[in-house]
Asks: 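This structure is in structure tokens; I'll ask about it shortly.
All of these numbers come straight from a predicted model, not from anything done at the bench. All values below come from the heavy atoms of this structure, side chains included, with hydrogens, waters and symmetry mates left out.
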Amino acid sequence: MSREKSREKNNRLIANNKKAYHDYFIEDTYEAGIALHGTEVKSLRMGKCSIKESFIRIDGYDVTIYGMHISPYEKGNIFNRDPLRPRRLLLHKKEINKLRSALTQQGYTIVPLRVYFKNALVKVQIGVAKGKKLYDKRESIAKKDQRREAEREFKVRNLR
């Protein structure tokens, strides 16, 4: 197996937060582990996760993700946990200090960007983000439309 295929197999995407890219300018990203219980991991392997409405807070040296929904595992019975319970993120102390200093600036927040498997571990990519204004959102939508139109023209031109 080639190195790229094994890397793709080891990094399997579980959930992506497209809304974060629409609502925020992502300044910096970090990779964090997440503290889970057994049936939550099994549910994640089935792809039952949503981070659309989730957010991250820092209390002391604890980084916690709130609003991350992991559906209960079907065969988990009494071992299932609350789907919306707060989950602890695992980061180094230096990274937590950088995140805390970024939060002190006006208009910055920390949002989860994606949840994925890296080898056998569940990771969360979090980003330091600054909120977009309405005109910024319109501008990004216009750029996306222009790029899509250019790709369409390029495709038509190459088919002839």
Side-chain angles (χ1 to χ4, degrees), residues 1-73 76 80-134 136-141 143-144 147-148 151:
M1 195 184 306
S2 72
R3 192 175 272 177
E4 291 177 21
K5 286 184 181 179
S6 65
R7 194 175 295 144
E8 286 177 15
K9 185 178 179 183
N10 292 340
N11 291 341
R12 198 182 90 208
L13 183 67
I14 301 169
N16 197 5
N17 192 355
K18 293 179 183 177
K19 186 178 177 186
Y21 289 101
H22 179 72
D23 292 341
Y24 301 101
F25 292 114
I26 308 300
E27 303 282 323
D28 199 11
T29 60
Y30 295 91
E31 181 180 73
I34 185 167
L36 298 170
H37 292 282
T39 57
E40 292 176 327
V41 177
K42 290 182 178 186
S43 186
L44 286 173
R45 288 198 191 285
M46 294 172 37
K48 308 264 178 134
C49 177
S50 174
I51 56 172
K52 286 182 182 170
E53 300 296 324
S54 59
F55 59 96
I56 295 171
R57 282 202 182 130
I58 299 176
D59 300 319
Y61 283 102
D62 285 340
V63 182
T64 311
I65 185 168
Y66 294 91
M68 178 178 173
H69 186 275
I70 298 177
S71 298
Y73 184 58
N80 282 332
R81 299 290 176 124
D82 179 29
L84 288 172
R85 74 176 182 88
R87 293 169 179 88
R88 197 165 153 241
L89 296 181
L90 310 171
L91 288 161
H92 291 284
K93 192 183 273 190
K94 284 183 182 180
E95 292 174 328
I96 295 171
N97 287 333
K98 284 182 186 178
L99 288 172
R100 187 180 290 119
S101 67
L103 282 180
T104 59
Q105 297 176 2
Q106 186 70 27
Y108 281 90
T109 186
I110 304 171
V111 293
L113 301 175
R114 59 192 197 113
V115 179
Y116 56 96
F117 282 107
K118 184 174 183 181
N119 298 326
L121 304 174
V122 179
K123 300 288 185 175
V124 179
Q125 185 179 35
I126 60 176
V128 177
K130 186 172 178 126
K132 283 186 182 179
K133 304 286 187 211
L134 183 62
D136 291 328
K137 291 180 188 178
R138 288 182 187 148
E139 185 179 310
S140 64
I141 290 171
K143 283 182 183 177
K144 226 185 267 183
R147 192 188 79 236
R148 197 176 301 127
E151 287 175 358

Asks: Indicate yes or no: at least one non-hydrogen side-chain atom of His92 is less than 4.5 angstrom from one of Tyr30.
Replies: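 In short, these two side chains do not touch, never coming nearer than 4.5 Å.
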Asks: First locate atom CG of Leu44, then atom OG of Ser71, and finally report the distance between them rounded to the nearest 0.5 Å.
Replies: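 Rounded to the nearest 0.5 Å, the CG-OG separation comes out at 9.5 Å.
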Asks: So which atom in Gly47 and which in Ile14 form the shortest heavy-atom distance, rounded to 0.1 Å?
Replies: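 Distance-wise, the nearest heavy atoms are CA-CG2, 4.3 Å.
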Asks: So which atom in Ala20 and which in Leu113 form the shortest heavy-atom distance, rounded to 0.1 Å?
Replies: CB-CD2, 4.0 Å
Asks: Could you tell me which non-hydrogen atom of Ala129 sits nearest to which non-hydrogen atom of Val111, and how far apart they are?
Replies: CB-CG2, 4.0 Å
Asks: Is the shortest side-chain heavy-atom distance between Tyr61 and Leu91 below 4.5 Å?
Replies: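 Of all side-chain heavy-atom pairs linking Leu91 with Tyr61, none is under 4.5 Å.
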Asks: With Tyr21, which residues qualify under ring pair (Phe, Tyr, Trp, His ring centres under 6.0 Å), at least two apart?
Replies: none
Asks: Measure the spacing between CG of Leu103 and CD1 of Ile58 and express it to the nearest 0.5 Å.
Replies: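 Reported to 0.5 Å precision, the distance equals 5.0 Å.
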Asks: Does Glu40 reach the side chain of Arg85, with side-chain heavy atoms less than 4.5 Å apart?
Replies: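 The answer is yes, as the side chains (C-beta and beyond) meet within the 4.5 Å cut-off.
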Asks: Is any side-chain heavy atom of Glu151 closer than 4.5 Å to one of Arg147?
Replies: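 Contact flag for Arg147/Glu151 side chains = yes.
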Asks: Are the side chain of Arg12 and the backbone N or O of Arg45 linked by a donor-acceptor pair below 3.5 Å?
Replies: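 Yes; at least one donor-acceptor contact below 3.5 Å.
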Asks: Would you say Asn17's side chain and Pro112's backbone share a donor-acceptor pair under 3.5 angstrom?
Replies: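 Side chain of Asn17 to backbone of Pro112: a pair is present.
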Asks: If every non-hydrogen atom of Tyr24 is compared with every non-hydrogen atom of Gly131, which pair is closest and at what distance?
Replies: CD2-CA, 3.6 Å
Asks: Using every non-hydrogen atom in the two residues, find where Leu13 and Ala15 come nearest and quote the distance to one decimal.
Replies: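 Closest approach of Leu13 to Ala15, heavy atoms only: CD1-O, 3.6 Å.
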Asks: Rounded to the nearest 0.5 Å, what's the gap from NZ on Lys52 to CG on Asn16? Could you check?
Replies: 10.0 Å
Asks: Hey, does the side chain of Arg57 reach the backbone of Phe55 with a donor-acceptor pair shorter than 3.5 angstrom?
Replies: no
Asks: Within this structure, what is the NZ-CG distance for the pair Lys42 and Leu36, rounded to the nearest 0.5 Å?
Replies: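 So the gap between those two atoms works out to 13.5 Å.
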Asks: Would you indicate whether the side-chain heavy atoms of Ile70 and Arg87 approach each other to under 4.5 Å?
Replies: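 In contact.
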Asks: Taking the side chain as everything from C-beta on, heavy atoms only, tell me whether Lys19 gets closer than 4.5 Å to Glu53.
Replies: yes
Asks: Is atom CD of Glu27 surrounded by more than 12 heavy atoms (other residues, nucleotides or ligands) closer than 6.0 Å?
Replies: yes
Asks: How many angstroms lie between CZ in Phe25 and OH in Tyr108, if you round to the nearest 0.5 Å?
Replies: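 Rounded to the nearest 0.5 Å, the CZ-OH separation comes to 10.0 Å.
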Asks: How long is the straight-line distance from NZ of Lys123 back to CZ of Arg114, given to the nearest 0.5 Å?
Replies: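 Rounded to the nearest 0.5 Å, the CZ-NZ separation comes out at 12.0 Å.
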Asks: Val115 versus Ile34: any side-chain heavy-atom pair under 4.5 Å?
Replies: no
Asks: List the steps, then state whether side chain to side chain contact (heavy atoms under 4.5 Å, CB included) holds for Ile126 with Leu99.
Replies: CA-CA 10 Å; Ile126 60 176; Leu99 288 172; 3.9 Å; yes
